[in-house]
Protein chains: 2
Amino acid sequence: MNDFISRVEILKLIAHPVRITILQELSKGVKCVSDFEEFLEISQPNISQHLGALRRAGIIDFFIDGRLRCYFLKSPFVVDLLEIFSKEYPGELPGPECCPTTKKGTYPGERRR
Amino acid sequence: MNDFISRVEILKLIAHPVRITILQELSKGVKCVSDFEEFLEISQPNISQHLGALRRAGIIDFFIDGRLRCYFLKSPFVVDLLEIFSKEYPGELPGPECCPTTKKGTYPGERRR
DNA sequence: TTCATATATAATAATATTATTATGTTTTTA
DNA sequence: TAAAAACATAATAATATTATTATATATGAA
């Protein structure tokens with residue numbers, strides 16, 4: 001139940017264009033903050049804030065290397081998520097038979113009202 | 001590129017405790033609004049709003065059945081996402097070797113600064 | 001030491017999300 | 001045909017997210 005909430009929180013964090021780009025990069029390997037500055041078109045403090053948020057959530061972490069901070073992915077959940085995020089899904093699910101009133105098809109579970 | 005953004009928008013929508021619960025239910029089969037009222041502890045208008053948002057995003061759709069509206073899942077992406085959302089991930093990814101300054105390990109890509 | 005580099009933190013204003021309350025629409029039933 | 005059931009929509013206040021600006025810290029170089 002609390003696990004549910006924390007997963008939702010992680011999803012919420014990932015659901016941002018900049019942060020998902022950061023995570024996609026990190027899934028390829030370690031990367032330092034100044035690397036991100038080169039291709040993310042946002043300010044350095046903003047990058048830091050996004051990295052900080054991801055870190056506080058336990059999704060990423062970093063090594064200190066001189067004056068660099070080299071970030072890396074920690075979460076296997078995020079790896080899986082990134083994979084389906086970039087996957088193509090042609091078409092939609094087949095619509096189910098319905099409905100409880102017209103008695104077309106079957107209706108899952110109970111219905112009282 | 002626009003595909004990227006719309007995927008992020010979908011993620012954003014899913015990243016909400018009520019909406020993900022709705023989607024989890026719908027992944028089991030069709031369900032009408034009053035069914036949701038029985039186990040979601042929020043108001044009917046609020047349920048409608050969440051359903052409306054999911055529908056406008058093309059994630060779900062409904063049949064009209066008398067005065068019922070029976071919602072169902074349309075998005076195969078969401079099916080995959082729900083699966084990994086509930087999956088257990090024991091442990092973390094192994095930390096990579098680092099770093100560019102200390103020359104420990106290898107560093108992916110280019111670094112100038 | 002002093003300066004520049006690499007990064008983080010804090011404060012804040014703009015914007016977006018959320019739940020609530022009130023009301024509207026459509027369909028069935030009495 | 002009037003009422004109720006099932007659901008949607010609109011307006012709004014509370015809250016959360018976001019990017020910006022300014023400033024701080026820590027490390028290495030000169």
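The CG atom of L54(A) sits 12 Å away from the P atom of dA8(C) (whole-angstrom rounding). Going from atom CZ of F63(B) over to atom P of dC7(D) covers 15 Å, rounded to whole Å. Between H50(B) atom NE2 and dA19(C) atom C1' there is a gap of 8 Å when expressed in whole angstrom units. Taking atom CG of L68(B) as the reference point, atom P of dT29(C) lies 11 Å away to the nearest angstrom. Between Y71(A) atom OH and dA6(C) atom C1' there is a gap of 11 Å when expressed in whole angstrom units. If you measure from atom CG of L51(A) to atom C1' of dT9(C), you get 14 Å, rounded to the nearest angstrom. Here dT9(C) presents its P atom at 15 Å from CD1 of I47(A), a figure rounded to the nearest Å.
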Find every protein N or O atom lying less than 3.5 Å from an N or O atom of nucleotides 14-17 of chain D, and list the pairs.
none

Pairs under 3.5 Å (N/O, protein and nucleotides 20-29 of chain D):
| residue | atom | partner | partner atom | Å |
| --- | --- | --- | --- | --- |
| dT20(D) | O4 | Q49(A) | OE1 | 3.4 |
| dT20(D) | O4 | Q49(A) | NE2 | 2.8 |

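Contact annotation: the side chain of L11(B) approaches that of I20(A) to within less than 4.5 Å [non-hydrogen atoms, C-beta and beyond]. Between F72(B) and L93(A), every side-chain heavy-atom pair lies at or beyond the 4.5 Å cut-off. Put simply, the side chain of S48(B) reaches to within 4.5 Å of the side chain of Q44(B), judged on heavy atoms. With contacts defined as side-chain heavy-atom distances shorter than 4.5 Å, the pair F62(A)/L51(A) does not qualify. F36(A) has its side chain out of reach of I42(A): every pair of non-hydrogen atoms, C-beta onward, lies at least 4.5 Å apart.
Ring centroids of F85(A) and F77(B) are separated by 6.0 Å or more, keeping the two rings apart.
For E9(A), the CD atom is densely surrounded, since the number of other residues' heavy atoms within 6.0 Å is greater than 12.
Summarising the geometry of L73(A) relative to I59(A), their closest heavy-atom pair is CD2-O, 3.6 Å, with the distance given to 0.1 Å. Minimum heavy-atom separation, Y71(A) to I60(A): CD2-CD1, 3.5 Å.
Within 4.0 Å (heavy atoms only), F62(B) reaches no atom of the nucleic acid at all. Note on F36(B): nothing from the nucleic acid sits closer than 4.0 angstrom, heavy atoms only.
At dA8(C), one or more side-chain N or O atoms of R69(A) fall inside 4.0 Å of OP1 or OP2 (strictly under the cut-off). Considering only side-chain N and O atoms, S34(B) lies under 4.0 angstrom from the phosphate OP1 or OP2 of dC7(D).
For C32(A), counting side-chain heavy atoms from C-beta on, the closest listed nucleotide (dT7(C), dA8(D), dC7(D)) is dT7(C).
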